[in-house]
Amino acid sequence: MDNTLLKVDNVSKRFGGVQAVGGVSLELEHGEIIGLIGANGAGKTSFFNLISGMHFPDSGTVEFDGDDITRLDTASRARCGIGRTFQVVRPFKGMTVAENVMVPLLVNDASVKTARKRAAELLEELSIGGLARKPAESLTLAQRKRVEVARALATGPKLLLLDEVLAGLNSREVIDVLPFVAKVRDRGVSILMIEHLVSAVMEVSDRILVLDHGVVISEGLPNEVVNDPKVIAAYLGKED
Ligand SMILES: Nc1ncnc2c1ncn2[C@@H]1O[C@H](COP(=O)(O)OP(=O)(O)OP(=O)(O)O)[C@@H](O)[C@H]1O
């Protein structure tokens, strides 16, 4: 049986004179976590945006769960089962954490009663039930990141795009949030995550894709990729 959930075939995107993404392909299976790494400006966010529907590719195709979604907008892709978080986490202020998680459910026509129940269940499943009644603005960054993930999971996506969910966290918080990412996958959600923190992404990813100047320079198991001389030259060597 074909276990592919997301199939990106040779997508390209140019912004004026910049080839942000130049012919990138990727196949992600059900239940898989793929880490996307690369130096600043490598094209990670642009590639993400081609998958979430924020941008359409100039060429190439995006298939999700067997359907061609290349020309679908973000809302339609969300309905198909693609959820995402954003680099800058902006919870709705003046609302509790539970209410924040209820919003996407209400937007998707759930009743208030159903949304409240579902939000409570989800926060419990993710072991952050204790935050439910807290005002969103009172949370630490690490807590806000978890709530952002819960919000993205509320509508039951099959694929979650995590955009630098570890950015800004201290090393203790990173150690706390990593099992949280694995827990999301254990609920049956596939994950594509952009991360700058290579050691962390290696720990949680099944496979890693490395972009440089809009093209894939390496792809494979985490330990293969970090030892790839092309990756060391283009990216890891510049880390410090
Ligand atoms: N909307 C846009 N308009 C013009 N140029 C853009 C746009 N989006 C991205 N670019 C350019 O495309 C290239 C890739 O950018 P992108 O943000 O995808 O890289 P990135 O790997 O996500 O970088 P970072 O790690 O800094 O977030 C960069 O040269 C960037 O300036």
Side-chain angles (χ1 to χ4, degrees), residues 6 8 11 13 15 18 20-21 24 26 28 32-55 74 77-78 82-92 97 100-101 104 126 128 136 139-154 157 159-185 189-214 216-219 222 225-226 231 234-236 238-240:
L6 175 73
V8 183
V11 288
K13 181 72 186 176
F15 296 105
V18 179
V21 180
V24 175
L26 167 75
L28 181 141
E32 195 173 25
I33 301 182
I34 295 188
L36 187 60
I37 64 174
N40 288 335
K44 304 179 296 294
T45 305
S46 304
F47 182 60
F48 242 46
N49 288 339
L50 297 178
I51 297 170
S52 71
M54 295 261 285
H55 294 304
T74 44
R77 291 190 202 202
I82 298 181
R84 74 165 294 175
T85 66
F86 291 87
Q87 224 171 81
V88 181
V89 197
R90 290 200 186 89
F92 302 117
V97 165
N100 262 273
V101 178
L126 296 171
I128 48 172
L139 303 182
T140 64
L141 179 62
Q143 289 170 333
R144 284 209 306 273
K145 298 261 184 177
R146 287 188 182 85
V147 171
E148 169 87 352
V149 173
R151 224 164 36 156
L153 285 176
L159 170 65
L160 187 58
L161 305 171
L162 294 179
D163 195 351
E164 296 206 29
V165 80
L166 304 174
L169 303 185
N170 64 36
S171 49
R172 175 75 249 163
E173 292 169 327
V174 168
I175 291 168
D176 287 347
V177 173
L178 277 183
F180 184 80
V181 173
K183 185 174 258 189
V184 170
R185 184 263 299 279
V189 179
S190 306
I191 294 173
L192 180 62
M193 61 190 300
I194 296 182
E195 264 324 319
H196 274 288
L197 211 52
V198 178
S199 55
V201 85
M202 271 184 67
E203 205 170 304
V204 79
S205 302
D206 300 307
R207 280 192 296 140
I208 293 191
L209 193 77
V210 189
L211 290 181
D212 188 44
H213 293 98
V216 177
I217 57 163
S218 187
E219 184 180 2
V225 163
V226 288
V231 178
Y235 179 46
L236 297 174
K238 293 181 195 159
E239 254 202 333
D240 45 19

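- To the nearest 0.5 Å, atom CG of residue Asp176 and atom OG of residue Ser171 are 10.0 Å apart.
- Minimum interatomic distance between Ala200 and Leu166 (heavy atoms only, all atoms of both residues): CB-CD1, 3.5 Å.
- Shortest non-hydrogen contact noted between Pro222 and Asp206 is CD-O, 3.4 Å.
- Taking CD1 from Ile37 and CD1 from Ile194, the interatomic distance works out to 11.5 Å, rounded to the nearest 0.5 Å.
- In this structure, Lys44 is not positioned above the aromatic face of Phe48 in the sense of NZ or CZ being under 6.0 Å from the six-membered ring centre and within 45° of the axis.
- Scanning for side chain to side chain donor-acceptor pair (under 3.5 Å) contacts around Thr45 gives an empty result, with sequence neighbours left out.
- With sequence neighbours excluded, the residues forming a side chain to side chain contact (heavy atoms under 4.5 Å, CB included) with Glu219 are Arg207, Leu209, Val216, listed by chain and number.
- Here the closest non-hydrogen pair linking Glu164 and Lys145 is O-NZ, 3.1 Å.
- Between Val201 and Ile208 there is a side-chain heavy-atom pair separated by less than 4.5 Å.
- Every side chain to side chain contact (heavy atoms under 4.5 Å, CB included) that Ala142 has, sequence neighbours left out, goes to Thr140, Arg146, Leu169, Glu173.
- Taking CG of Leu162 as the reference point, atom CE of Met193 lies at 5.5 Å (rounded to 0.5 Å).
- No side-chain donor from either of Arg144 and Asn100 sits under 3.5 Å from a side-chain acceptor of the other.
- Using a 4.5 Å heavy-atom threshold, the side chains of Val225 and Ser218 count as touching.
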**Item:** Working for side-chain contact (heavy atoms from CB on, under 4.5 Å), residues Leu26 and Leu192
**Value:** CA-CA 11 Å; Leu26 167 75; Leu192 180 62; 4.1 Å; yes

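- The CD1 atom of Ile217 sits 8.5 Å away from the CG atom of Leu211 when rounded to the nearest 0.5 Å.
- Of all heavy-atom pairs between Val149 and Val165, the closest is CG2-CG2, 3.9 Å.
- Atoms NE2 and OG1, on His55 and Thr74 in that order, are 11.0 Å from each other to the nearest 0.5 Å.
- Here CD of Glu148 is found 9.0 Å from CZ of Arg84. Values are rounded to the nearest 0.5 Å.
- Ala182 is linked by a side chain to side chain contact (heavy atoms under 4.5 Å, CB included) to Val204, counting only residues two or more places apart in sequence or in another chain.
- Residues meeting the side chain to side chain contact (heavy atoms under 4.5 Å, CB included) test with Asn40, sequence neighbours left out: His196.
- The two residues Val184 and Ile191 make their nearest non-hydrogen contact at CG1-CD1, 3.9 Å.
- Checking each of Val101, Thr85, Val189 against Leu153 for a side-chain contact (heavy atoms from CB on, under 4.5 Å) leaves exactly one that passes, namely Val189.
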**Prompt:** Given Val8 and Val24, is the side-chain contact (heavy atoms from CB on, under 4.5 Å) satisfied, shown in steps?
**Reply:** CA-CA 7 Å; Val8 183; Val24 175; 5.7 Å; no

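- Residues Ser52 and Arg77 are not in side-chain contact: their nearest non-hydrogen atoms beyond the backbone lie 4.5 Å or more apart.
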**Request:** For side-chain contact (heavy atoms from CB on, under 4.5 Å), just list the numbers for Leu36 and Ile34, CA-CA rounded to whole Å, side-chain angles, deciding distance to a tenth of an Å, and then say yes or no.
**Result:** CA-CA 7 Å; Leu36 187 60; Ile34 295 188; 5.8 Å; no

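- Pro157 and Gly83 make their closest contact through CB-N, 3.6 Å (heavy atoms, listed as atom of the first residue, atom of the second, distance).
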